[in-house]
Q: 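Here it is, the structure in full.
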Amino acid sequence: MRFYVNIDHVATVRQARRTDEPDPVRAAVLAELGGADGITVHLREDRRHIQERDVRLLAETLRTPMNLELAMVPEIVDLACELRPYQVTVVPERRQEVTTEGGLDVVTDASRSRLEPVLVRLRDAGIRTALFIDPDPDALQASAALGVEAVELHTGEYALAHGAQVHAELDRLADAAAQGRRLGLAVHAGHGLTYENVTPVAALRDVEELNIGHSVISRAVLVGLREAVTDMATVLRRAAGGDA
Ligand code: PXP
């Protein structure tokens with residue numbers, strides 16, 4: 001199982017002040033040192049978190065593969081073709097959404113005819129392509145027909161499920177992952193996974209990669225807060241002429 005860390009929310013904090021910290025590029029180094037197998041970033045059309053500068057610097061500095069999430073926005077596809085990250089995951093994007101809601105439409109003719117040229121361009125640039133889809137048989141079939149190397153199964157419904165529904169959603173993911181493998185696709189999964197709910201998904205033998213962001217960055221804020229406060233208290237004591 002490969003663990004890709006999504007560092008978008010480091011940039012979310014930075015953008016809240018339009019300043020230069022925390023820097024997602026530095027965060028990526030720490031994630032790699034901590035054992036991440038890859039780094040995921042989503043360059044959104046509205047640039048609410050990750051910026052083009054981040055993607056450019058990450059492309060230069062990452063030691064692990066970059067998984068660049070993007071919607072079918074021409075200028076962002078151009079950037080991907082220029083920078084050639086290891087992998088692009090195509091995701092849907094709606095301006096008003098808080099986070100990615102639901103998988104990509106890969107089934108309707110209109111959507112597929114928009115996707116096809118984008119996938120050809122990415123593949124011609126030597127980039128591994130993945131589609132973020134719901135764990136749905138038709139979506140898997142359509143993804144295989146589009147010739148991508150991988151699908152990322154949307155685990156959001158599983159993450160939001162309660163009671164008996166949790167098992168039903170897990171079964172859906174397991175079935176979809178098995179179908180993906182039978183179709184020759186690499187199967188990734190992600191969205192809404194937490195320290196509490198990740199174990200059964202990580203145990204699915206047909207899933208080879210997980211993308212986890214919000215929960216990891218949330219935990220980092222809490223596990224790092226005590227040390228951060230201690231560091232500032234030290235600076236303040238020094239400024240007051242006392243012992244550090
Ligand atoms: N996979 C995709 C396609 C996503 O859009 C996101 C969120 O940016 C994730 C995984 C990670 O989700 P979370 O931040 O909830 O772990």
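In listed order, ligands and their atoms are each counted from 1. Owing to the predicted nature of the structure, the values given are computational and were not obtained by experimental measurement.
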Q: Does Glu21 come within less than 4.0 Å of Arg14, counting only side-chain N to carboxylate O?
A: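 Between Arg14 and Glu21 there is no salt bridge, as every charged N stays at least 4.0 Å from the carboxylate O atoms.
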Q: As an exercise, identify every atom of ligand 1 less than 4.0 angstrom from a heavy atom of Ile212.
A: 16 (O)
Q: So, regarding Gly192 and ligand 1 (criterion: nitrogen or oxygen to nitrogen or oxygen, under 3.5 Å), is there a contact or not?
A: yes
Q: Under a 4.0 angstrom heavy-atom cut-off, which atoms of ligand 1 come close to Asp8?
A: 8 (O)
Q: Same hydrophobic cluster for Leu210 and Tyr4, using side-chain heavy-atom links shorter than 4.5 Å among ILVMFWY?
A: no
Q: Minimum distance, heavy atoms only, to atom 7 (C) of ligand 1: which one of His49, His154, His191 is it?
A: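 The option holding the nearest heavy atom is His191.
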Q: If you count the non-hydrogen atoms of other residues, nucleotides and ligands that lie under 6.0 Å from CG in Asp231, is the total more than 12?
A: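 More than 12 heavy atoms, drawn from other residues, nucleotides or ligands, come within 6.0 Å of this atom.
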Q: If the threshold is 4.0 Å, N to carboxylate O, is there a salt bridge linking Arg56 and Glu52?
A: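 Yes.
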Q: Has ligand 1 got any nitrogen or oxygen that is less than 3.5 angstrom from a nitrogen or oxygen of Val91?
A: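 Between Val91 and ligand 1 (N or O atoms, distance only) the closest approach is not under 3.5 Å.
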Q: Check if Thr89 has a non-hydrogen atom at a distance under 4.0 Å from any atom of ligand 1.
A: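 It does not, in that no heavy atom of Thr89 comes within the 4.0 Å cut-off of ligand 1.
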Q: Scan residues 158-167 for pairs that pass side chain to side chain donor-acceptor pair (under 3.5 Å), counting only residues two or more places apart or in two chains.
A: none
Q: Return a yes/no value for His42: is any of its N or O atoms, backbone included, closer than 3.5 angstrom to an N or O of ligand 1?
A: no
Q: Would you list the pairs meeting side chain to side chain donor-acceptor pair (under 3.5 Å) in which at least one residue belongs to residues 23-34, sequence neighbours left out?
A: Asp23-Arg53, Glu32-Thr64
Q: Any idea which of Leu131, Asn211, Ile217, Leu193 brings a heavy atom closest to atom 11 (C) of ligand 1?
A: Asn211
Q: Which atoms of ligand 1 sit under 4.0 Å from any heavy atom of Gly213?
A: 13 (P), 14 (O), 16 (O)
Q: Can you list the atoms of ligand 1 that are under 4.0 Å from a heavy atom of His214?
A: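 Close to His214: 13 (P), 14 (O), 16 (O).
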Q: Show the nearest heavy-atom pair for residues Ala189 and Val207, with the distance to one decimal.
A: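 Between these two residues, the closest heavy atoms are CB-CG1, 4.0 Å.
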Q: Using a 4.0 Å heavy-atom threshold (strictly under), name the region of Glu152 that reaches ligand 1: side chain, backbone, both or neither.
A: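 Side chain only.
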Q: Which of these, Asn6, Asn67, Asp8, sits in a side chain to side chain donor-acceptor pair (under 3.5 Å) with Thr40?
A: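 Of all the options given, the one that passes is Asn67.
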